[in-house]
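Here the structure comes first, spelled out in structure tokens, and everything after it is commentary.
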4 protein chains.
Amino acid sequence: MSHSPDHEFALRAREIGEAGRFLYERGWVPATSGNFSARLGDGKIAITVSGRNKGALSADDIMLIDAEGQPLTVGKRSSAETLLHTGIYRRFPAVGAVLHTHSMNATLLSRQFGHALTLAGYELLKAFQGIETHDTQMVVPIFPNDQEIPRLQGQVDEWLDQQTAPVFGYLIAGHGLYVWGTSVADALRHLEAFEFLFQCELHAQRMTHA
Amino acid sequence: MSHSPDHEFALRAREIGEAGRFLYERGWVPATSGNFSARLGDGKIAITVSGRNKGALSADDIMLIDAEGQPLTVGKRSSAETLLHTGIYRRFPAVGAVLHTHSMNATLLSRQFGHALTLAGYELLKAFQGIETHDTQMVVPIFPNDQEIPRLQGQVDEWLDQQTAPVFGYLIAGHGLYVWGTSVADALRHLEAFEFLFQCELHAQRMTHA
Amino acid sequence: MSHSPDHEFALRAREIGEAGRFLYERGWVPATSGNFSARLGDGKIAITVSGRNKGALSADDIMLIDAEGQPLTVGKRSSAETLLHTGIYRRFPAVGAVLHTHSMNATLLSRQFGHALTLAGYELLKAFQGIETHDTQMVVPIFPNDQEIPRLQGQVDEWLDQQTAPVFGYLIAGHGLYVWGTSVADALRHLEAFEFLFQCELHAQRMTHA
Amino acid sequence: MSHSPDHEFALRAREIGEAGRFLYERGWVPATSGNFSARLGDGKIAITVSGRNKGALSADDIMLIDAEGQPLTVGKRSSAETLLHTGIYRRFPAVGAVLHTHSMNATLLSRQFGHALTLAGYELLKAFQGIETHDTQMVVPIFPNDQEIPRLQGQVDEWLDQQTAPVFGYLIAGHGLYVWGTSVADALRHLEAFEFLFQCELHAQRMTHA
């Protein structure tokens with residue numbers, strides 16, 4: 001069954017709102033930080049309006065943009081980081097949702113580690129689509145924070161160009177995580193797995209350094 | 001009063017669903033991880049379907065298997081780890097429920113300690129059935145993680161063969177905890193006690209190593 | 001306005017049940033641990049039945065005992081630690097409620113510190129009845145755990161005999177906290193303050209030892 | 001649209017009550033600690049009555065004071081710290097709300113750091129009104145705790161006199177945080193950002209000292 005674009009937008013907006021309440025409750029999008037998007041069947045993208053409380057999103061807080069990130073909803077503005085969302089959709093035709101969060105674990109790890117964080121040997125790596133064993137490793141790159149978003153996206157693109165294995169997310173230092181999946185539910189599962197593994201790494205690092 | 005098998009399945013499925021919401025809320029089964037089961041009066045086992053969100057289980061997410069782990073519900077598949085559940089039921093006739101969780105404390109401890117974790121001197125040890133004093137110790141074995149479940153179950157069986165005192169759970173390194181009890185409520189009480197004691201040990205270890 | 005004993009029992013039982021849900025949610029009475037009581041106008045005491053889940057107390061989980069700790073409700077048994085409750089009521093005529101909790105912070109601190117924990121310089125000390133400045137200190141004694149409750153109460157009495165300033169609680173090593181107040185609400189405020197200060201001390205200790 | 005003073009008081013009282021429930025849930029105003037206020041259009045101030053549980057504020061727990069902190073609601077008394085609220089309103093005509101919290105992070109940091117805490121390089125600094133880049137730093141002063149509130153306010157005034165950049169909050173050692181904004185929502189966003197950054201600093205400090 002296919003839906004009209006309006007109906008599809010409403011469905012995705014509701015999923016984004018529910019994801020927002022869940023993520024806010026966890027403390028992963030404090031103080032109006034973070035932004036979320038989902039791609040519709042016609043290639044347009046539903047995305048959160050800039051500066052809204054992510055724990056209390058209503059339909060009015062979600063807007064429509066085109067594949068280049070231009071607003072299609074009159075009178076609304078998405079975050080400057082919209083280009084990081086469209087960059088992921090452009091690269092991966094199967095991606096249906098992108099979540100950007102600001103958790104404390106992501107903030108701390110991305111400031112303490114250098115250019116990348118390696119996650120290895122965890123059973124929970126199997127939460128990522130296509131990973132079938134704990135006996136593997138995933139490298140999560142950490143990009144320096146940059147208010148000049150096109151320049152930041154350039155760095156992300158350069159990294160993506162070099163990847164041969166599937167990738168699911170990246171960190172921006174002192175800022176947060178970008179994570180994606182085929183749907184909002186899929187991206188949420190990846191996000192939960194990343195946050196769990198980040199917290200494990202942070203604790204393990206504390207033990208090692210102690 | 002005894003119930004019809006269908007009614008009993010419905011009761012156990014509801015208990016499993018409620019346990020799932022509780023455990024998910026605690027962060028102990030993130031990103032669709034974990035699996036739960038309960039044994040019915042006729043020896044069949046109600047168990048979670050593979051890959052479902054443990055925080056939002058409905059009747060549709062619970063299936064029936066036989067004592068050997070073969071599916072009895074058409075079109076549904078339980079986790080590869082089903083054999084670890086049936087291994088416990090086979091060994092202990094009084095066990096009515098098995099819970100498998102992936103908490104951060106269990107993940108961290110099971111990676112940092114070697115072959116076993118010893119819990120000693122805690123009042124909360126009295127939460128385990130039959131323990132009447134804090135002045136005792138419980139050894140929780142830690143098995144290396146293995147995607148080959150029959151081989152892993154072989155290691156568990158070897159350990160169980162050597163036990164003379166009652167046992168309530170074991171850890172799999174970088175993976176999580178298996179815990180059991182005479183009922184879902186009983187297994188939950190044991191799980192809560194283990195998680196509390198794991199967190200105590202993790203903190204204590206941090207103090208000692210610091 | 002005074003209430004009939006039955007009505008008063010029902011009121012106190014409801015307060016105890018609400019306190020239980022609050023404390024369980026915080027993780028301070030895991031795995032059926034803890035016990036709570038409130039004194040009625042006629043000197044009898046409403047107290048939790050042994051072994052119940054403190055996060056789901058109903059009227060059926062609260063019973064009546066006399067001032068010596070003897071059960072007045074047929075067919076129900078309170079915890080062996082009931083004598084620690086009656087010991088506090090006997091000593092302090094103004095005390096109307098006693099709460100016993102098993103938080104992780106209390107468990108850890110009571111195992112790491114020796115015979116007492118000193119809380120000093122915290123603004124939150126003003127949450128204790130009669131304390132008007134942060135520029136003070138409170139000594140919380142830590143008694144060795146003992147399954148022989150009359151002997152443990154003997155140690156508590158010995159300590160109480162020596163006090164000249166008001167006291168609000170004590171720790172039992174590896175076990176938990178006893179705290180009291182003129183009412184359930186008053187005891188809860190003292191408990192919240194203790195738990196906050198315990199967590200502060202645990203963090204501070206980690207910094208110092210690191 | 002302007003509201004009658006009574007209606008405006010009711011609106012602000014409701015916002016304060018909701019903020020209280022949110023902040024209590026987070027553990028930032030334990031054991032009746034903290035106090036909150038909002039300024040009305042006519043310059044009067046709605047403020048919490050002293051000693052109330054901040055997680056369960058009703059209209060009865062909010063009173064009216066004048067710009068000098070004198071009570072305008074008969075039979076009610078605001079906290080001794082009311083002068084710290086009026087000091088902020090007097091200084092900043094655009095400020096519409098002041099929140100005072102007692103979180104563990106604020107308590108710990110304010111005891112461990114000396115005279116000030118510097119927050120630098122965090123993306124979340126952009127949550128503060130007017131800050132457009134992570135590449136900045138904010139200095140949060142830490143005043144020694146003092147039960148003599150006019151003397152403490154004197155120290156705050158001295159610090160405020162020296163500021164040229166916008167300021168959003170200050171710490172009192174072993175006590176807590178004062179934070180403000182143009183509205184209750186604005187002050188809450190600043191508070192969430194401060195608490196997040198305090199927790200980051202506390203973790204980072206633990207790594208460094210370890």
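If you're wondering where the values come from, they're calculated on a predicted model, not measured in any experiment. Per chain, numbering begins at 1; letters A, B, ... match sequence-line order.
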With chain A as the partner chain, list the residues of residues 67-75 of chain B whose heavy atoms fall under 4.5 Å from it, by residue number, and write 'none' if nothing qualifies.
-> none
Neighbourhood of chain B inside residues 16-40 of chain A, taking heavy atoms under 4.5 Å as contact = A:Phe22, A:Arg26
Under 4.5 Å, heavy atom to heavy atom, which residues of residues 159-171 of chain B contact chain A?
-> none
Filtered by a 4.5 Å non-hydrogen cutoff, the part of residues 85-122 of chain A contacting chain B is A:Ala120, A:Gly121, A:Tyr122
Report the C-alpha distance between A:His134 and B:His175 in whole Å, list the side-chain angles of each, state the deciding distance to 0.1 Å, and finish with yes or no for side-chain contact (heavy atoms from CB on, under 4.5 Å).
-> CA-CA 9 Å; A:His134 67 283; B:His175 182 153; over 6 Å; no
Measure the CD-NE2 distance between B:Gln205 and A:His203 for me, rounded to the nearest 0.5 Å.
-> 11.5 Å
By a 4.5 Å heavy-atom criterion (distance strictly below it), what part of B:Asp146 contacts chain A: side chain, backbone, both, or neither?
-> backbone
NZ/A:Lys44: more than 12 non-hydrogen atoms of other groups inside 6.0 Å = no
